[in-house]
Amino acid sequence: QVQFVESGGGLVQPGGSLRLSCAASGFTFSSYTMSWYRQTPEKERELVATITSGGGRTTYADSVKGRFTISRDNAKNTVYLQMNSLKPDDTAVYYCHAPSLWVGGRNYWGQGTQVTVSS
């Protein structure tokens with residue numbers, strides 16, 4: 001029943017912006033730290049940003065600091081990633097994830113949303 005549904009990706013030019021959303025269900029969303037990851041065929045999945053359960057603390061990969069902002073709306077069971085000043089190296093499939101959420105012996109990932117930054 002745990003589910004993450006990412007959306008908001010697309011094709012943008014360098015310097016453009018996108019806002020990704022992740023709708024979560026099947027667990028007590030407000031109790032969990034949430035993260036955004038990204039992955040390409042050439043690279044291992046990497047942690048992009050993390051936000052604590054109440055939204056009070058955030059952390060970012062060095063590669064996105066100053067450009068990306070993670071936020072959440074616990075009333076909507078949704079976590080967001082605002083991406084500004086996008087670069088071609090940001091091209092990846094983006095996933096949301098609750099690192100400490102394990103149910104039935106597994107953790108959970110959504111289908112991801114594709115972000116392509118190209119002119």
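Not measured: the values here are computed from a predicted model.
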Inset, instruction - Indicate yes or no: does Lys87 engage Asp90 in a salt bridge with an N to O separation below 4.0 Å. - result: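 Salt bridge flag = no for Asp90 with Lys87.
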Can you measure from [atom1] ([X]) to [atom2] ([Y]) and round to the nearest 0.5 angstrom?
X     : Y      : atom1 : atom2 : value
Glu44 : Arg38  : CD    : CZ    : 14.0 Å
Met34 : Arg72  : CE    : CZ    : 6.5 Å
Leu81 : Cys22  : CG    : SG    : 10.5 Å
Tyr94 : Thr113 : OH    : OG1   : 10.5 Å

Heavy-atom pair of closest approach, residues [X] and [Y]:
X     : Y     : result
Ile51 : Ile70 : CG2-CD1, 3.6 Å
Ser53 : Asn74 : O-ND2, 2.9 Å
Asp89 : Lys43 : O-NZ, 4.0 Å
Trp36 : Val79 : CZ2-O, 3.6 Å
Leu86 : Arg67 : CA-NH1, 3.9 Å

Side-chain heavy atoms of [X] within contact of [Y], under 4.5 Å:
X      : Y     : answer
Val115 : Leu20 : yes
Leu101 : Val2  : yes
Ser35  : Val48 : no

Legend entry - Any donor-acceptor pair under 3.5 Å from Thr78 side chain to Lys76 backbone: yes
Inset, instruction - Is it possible for you to check whether Arg45 lies under 6.0 Å from the centre of the six-membered ring of Tyr95, through NZ or CZ, and within 45° of that ring's axis? - result: yes
Which pairs would a plain distance check flag for residues 5-18, meaning a side-chain donor or acceptor within less than 3.5 Å of a matching protein atom at least two apart in sequence or in another chain?
from: Glu6; atom 1: OE1; to: Gln111; atom 2: N; distance (Å): 3.2
from: Glu6; atom 1: OE1; to: Gly112; atom 2: N; distance (Å): 2.9
from: Glu6; atom 1: OE2; to: Cys96; atom 2: N; distance (Å): 3.0
from: Ser17; atom 1: OG; to: Asn84; atom 2: OD1; distance (Å): 2.9

Inset, instruction - For Tyr32, enumerate each residue passing the ring-ring contact (aromatic ring centres under 6.0 Å, His included) test, keeping only those at least two apart in sequence or located in another chain. - result: Phe27
Legend entry - ring-ring contact (aromatic ring centres under 6.0 Å, His included) partners for Trp109, two or more places apart: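 Testing Trp109 for ring-ring contact (aromatic ring centres under 6.0 Å, His included), a comparison that skips the adjacent residues, returns Tyr37, His97.
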Legend entry - With Thr59 via side chain to side chain contact (heavy atoms under 4.5 Å, CB included) - residues at least two apart: Thr50
Legend entry - Pairs involving residues 34-84, ordered by first then second residue, that meet disulfide bond (SG atoms under 2.5 Å apart) (sequence neighbours left out):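 Listed once each, the pairs would be none.
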Inset, instruction - Any ring pair (Phe, Tyr, Trp, His ring centres under 6.0 Å) involving residues 43-93? Give me the pairs, sequence neighbours left out, ordered by first then second residue. - result: none
Inset, instruction - Give a yes or no on whether Arg57 atom CZ has more than 12 heavy-atom contacts from other residues, nucleotides or ligands under 6.0 Å away. - result: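 Not more than 12 within 6.0 Å, no.
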Inset, instruction - Verify the cluster assignment for Tyr108 and Val93: are they in a single hydrophobic cluster under the rule of side-chain heavy atoms below 4.5 Å apart? - result: no
